[in-house]
Colleague: 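Just dropping this structure here.
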There are 2 protein chains.
Amino acid sequence: MSLKHAIMVLLETEAGSGYDLLKRFKQRLGFFWQASHQQIYQQLKVMHKEGLIDYQWEPQLGKPDKKVYIMTAFGHEQLVEWLHQISKPQKINDSFLVKLYGGHLLDKVVLLDELYQHVKQHKKALTIMLAIEREYQQLSQQERNDLAFPFLTLRRGIIGEQAWLAWAQEVEVFLQEK
Amino acid sequence: MSLKHAIMVLLETEAGSGYDLLKRFKQRLGFFWQASHQQIYQQLKVMHKEGLIDYQWEPQLGKPDKKVYIMTAFGHEQLVEWLHQISKPQKINDSFLVKLYGGHLLDKVVLLDELYQHVKQHKKALTIMLAIEREYQQLSQQERNDLAFPFLTLRRGIIGEQAWLAWAQEVEVFLQEK
DNA sequence: CCGTAATATGCAACTATTTGCATATCACAA
DNA sequence: TTGTGATATGCAAATAGTTGCATATTACGG
């Protein structure tokens with residue numbers, strides 16, 4: 001299970017509440033790790049029980065109080081241990097491909113329709129990532145250095161989306177010719 | 001849940017036992033839908049209870065008997081209905097990227113080591129897919145037509161793996177320069 | 001004052017997946 | 001005859017993830 005470790009990687013850089021983490025997941029890890037707020041809150045509770053993290057209630061002005069979590073020494077140790085283990089290959093479960101596999105059971109217009117919707121979403125994601133990439137390029141040498149690893153994961157997102165869109169082109173041509 | 005639908009797409013084309021399906025998953029859907037034998041047997045049981053599929057024990061020569069599942073009319077109906085619904089965007093949970101995101105916590109040699117292992121696996125997968133592609137290209141027009149949809153999913157796998165490897169190159173260069 | 005949206009946290013029930021165990025048939029080779 | 005490997009099916013327990021519900025604070029605009 002790696003939601004736990006994804007949370008620790010985030011908390012290692014900077015302490016934060018469940019809500020903060022939710023936003024970081026959405027903004028920074030969204031294209032390679034997705035987690036709902038329920039999952040995050042549940043996991044934080046479990047991790048606290050396991051002694052991986054600790055927390056403090058923090059009052060805020062103009063906002064509800066929040067529970068700010070920080071890594072414990074034990075948590076740090078466990079994270080580093082996990083980082084040293086080879087991760088299992090990513091599990092892919094893509095239902096659009098299942099659908100396409102059985103595409104002969106469907107009208108091509110229905111498939112094209114769905115394809116367009118997916119294309120739209122992938123283009124949107126790519127646009128956002130390219131904007132982040134441009135911001136990154138304009139940072140100072142020092143800042144770029146600090147963010148080098150997150151930047152590599154962003155590159156994965158960009159390359160992945162471009163590949164997806166190139167493939168979608170092939171599918172579109174096929175469906176239109178058919 | 002789409003394991004159910006992946007199974008139905010497979011059974012729609014050809015009846016088969018749990019074990020047959022397991023092999024089809026591994027050989028044909030492996031790069032976009034992964035399922036263990038336990039998952040498949042459990043799901044078949046549930047699907048039978050729901051009336052989506054039916055089965056018959058089939059004795060075999062030189063092999064243990066098997067339960068051959070076929071689609072019911074109801075199953076077909078439900079599958080077609082599912083095919084008409086827009087599928088949710090694929091959920092990605094890639095722990096190697098989590099690790100890379102926190103790469104500053106790790107020695108670059110450890111990361112490079114792991115990268116090489118992943119590269120090896122992705123190259124292997126790509127080689128297999130390219131071989132299947134070549135086989136496909138040599139089929140008759142009629143056969144190619146029958147397999148056009150599975151072929152599109154194969155293309156997704158090929159393009160995806162090529163993109164992954166191109167990205168891995170970037171990561172390698174970065175880690176070696178560092 | 002009322003509705004809406006962002007911020008903030010959580011429970012309970014259900015569904016899906018993984019892990020570990022368990023068993024049995026048959027072919028083939030040592 | 002003993003072990004190995006492919007074929008074939010499954011249960012039970014644990015873990016992980018989803019869905020639906022529930023609540024509260026504060027800002028801001030109408």
Side-chain angles (χ1 to χ4, degrees), chain A residues 1-8 15-27 29-30 32-50 52-53 55-69 82 85 87-95 98, chain B residues 1-8 15-27 29-30 33-50 52-53 55-69 82 87-95 98:
Chain A
M1 214 278 292
S2 297
L3 170 58
K4 184 180 285 185
H5 305 105
I7 289 175
M8 286 199 276
S17 67
Y19 197 77
D20 292 335
L21 289 169
L22 179 66
K23 283 188 289 182
R24 289 194 226 168
F25 268 103
K26 277 188 185 155
Q27 287 162 18
L29 310 197
F32 66 88
W33 202 279
Q34 285 156 30
S36 65
H37 92 264
Q38 291 90 337
Q39 233 185 315
I40 292 170
Y41 285 117
Q42 278 169 31
Q43 197 57 51
L44 286 170
K45 202 180 168 185
V46 171
M47 289 165 73
H48 180 250
K49 210 172 164 184
E50 292 172 345
L52 299 167
I53 53 176
Y55 72 88
Q56 259 189 293
W57 276 103
E58 206 165 278
Q60 296 189 102
L61 294 174
K63 291 173 189 176
D65 298 353
K66 64 179 180 181
K67 259 165 117 169
V68 177
Y69 288 93
W82 177 79
Q85 285 165 28
S87 45
K88 278 180 277 184
Q90 195 210 337
K91 183 167 176 173
I92 302 172
N93 290 72
D94 188 332
S95 50
V98 170
Chain B
M1 214 276 292
S2 297
L3 171 57
K4 186 180 283 186
H5 305 105
I7 289 174
M8 286 199 277
S17 67
Y19 197 76
D20 292 335
L21 289 169
L22 179 66
K23 282 188 290 181
R24 289 194 227 167
F25 268 103
K26 278 188 185 156
Q27 287 161 18
L29 309 196
W33 202 278
Q34 285 156 30
S36 63
H37 92 265
Q38 291 90 337
Q39 233 184 314
I40 293 170
Y41 286 117
Q42 278 169 32
Q43 198 55 52
L44 285 170
K45 202 181 169 184
V46 171
M47 289 166 72
H48 179 250
K49 210 171 164 186
E50 291 173 345
L52 299 167
I53 53 177
Y55 71 88
Q56 261 189 291
W57 275 102
E58 206 165 279
Q60 295 190 105
L61 294 175
K63 291 173 189 175
D65 297 353
K66 65 180 179 179
K67 260 164 115 168
V68 177
Y69 287 92
W82 177 78
S87 45
K88 278 181 278 183
Q90 194 209 338
K91 184 167 177 174
I92 303 174
N93 289 71
D94 187 332
S95 51
V98 170

Colleague: Taking atom C1' of D/dG17 as reference, at what distance in whole Å does atom CD of A/Gln43 sit?
Modeller: 10 Å
Colleague: What is the distance, to the nearest angstrom, from the CD atom on B/Gln34 to the C1' atom on C/dT18?
Modeller: 13 Å
Colleague: Return the value, rounded to whole Å, for the distance between atom NZ of A/Lys26 and atom P of C/dA6.
Modeller: 10 Å
Colleague: Contact class for A/Lys91 (heavy atom, under 4.0 Å): base, sugar-phosphate, or nothing?
Modeller: sugar-phosphate
Colleague: Would you call the rings of A/Tyr55 and A/Tyr69 parallel, tilted or perpendicular if under 30° counts as parallel and over 60° as perpendicular?
Modeller: tilted
Colleague: Verify the contact: side-chain N or O of A/Tyr41 to OP1 or OP2 of C/dG10, cut-off strictly under 4.0 Å; return yes or no.
Modeller: no
Colleague: Can you tell me how far CG of B/Leu44 sits from CG of B/Leu3, rounded to the nearest 0.5 angstrom?
Modeller: 8.0 Å
Colleague: From the options C/dT9, C/dC11, C/dT17, select the nucleotide whose nearest atom is closest to the side chain of B/Gln42.
Modeller: C/dT17
Colleague: Given C/dT9, C/dT17, C/dT7, which nucleotide is nearest the side-chain atoms of A/Lys23?
Modeller: C/dT7
Colleague: Whole angstrom is fine here: how far is it from CD1 in B/Ile40 over to P in C/dT18?
Modeller: 11 Å
Colleague: Which atoms form the tightest heavy-atom contact between A/Ala6 and A/Leu29, and what is the distance?
Modeller: CB-CD1, 4.3 Å
Colleague: Judged by each residue's nearest nucleotide on DNA chain D, which is more toward the 5′ side, A/Trp33 or B/Tyr69?
Modeller: B/Tyr69
Colleague: For D/dT7, does OP1 or OP2 lie under 4.0 Å from any side-chain N or O of B/Ser17?
Modeller: no
Colleague: Would you indicate what A/Lys88 reaches in the nucleic acid, counting non-hydrogen atoms under 4.0 angstrom: base, sugar-phosphate, or nothing?
Modeller: sugar-phosphate
Colleague: Quick one: A/Gln39 CD to C/dT17 P, roughly how many Å, whole number?
Modeller: 13 Å
Colleague: Pick the nucleotide of DNA chain C nearest each of A/Asp20 and A/Lys45; which residue has the one closer to the 5' end?
Modeller: A/Asp20
Colleague: Starting at atom CD of B/Gln27, determine the distance to atom C1' of D/dA6, rounded to an integer number of angstrom.
Modeller: 13 Å
Colleague: Measure CG/A/Asn93 against P/C/dT15 and give the value in whole Å, please.
Modeller: 19 Å
Colleague: With rounding to the nearest 0.5 Å, note down the distance linking NE2 in A/His37 to CG in A/Leu21.
Modeller: 13.0 Å
Colleague: Strictly under 4.0 angstrom, non-hydrogen atoms only: write out the protein contact profile of nucleotides 20-30 of chain D, one letter per nucleotide from the 5' end, B, S or -.
Modeller: BB---BSS---
Colleague: Can you check side chain to side chain contact (heavy atoms under 4.5 Å, CB included) on A/Gln43 and A/Ile40, steps first, answer last?
Modeller: CA-CA 5 Å; A/Gln43 197 57 51; A/Ile40 292 170; 5.8 Å; no
Colleague: Roughly how far apart are A/Tyr19 OH and A/Arg24 CZ, rounded to 0.5 Å?
Modeller: 14.0 Å
Colleague: Just how far is it from atom NZ of B/Lys63 to atom OG of B/Ser17, taken to the nearest 0.5 Å?
Modeller: 9.5 Å
Colleague: Send over the distance from A/Tyr19 OH to C/dA6 P, rounded to a whole Å.
Modeller: 8 Å
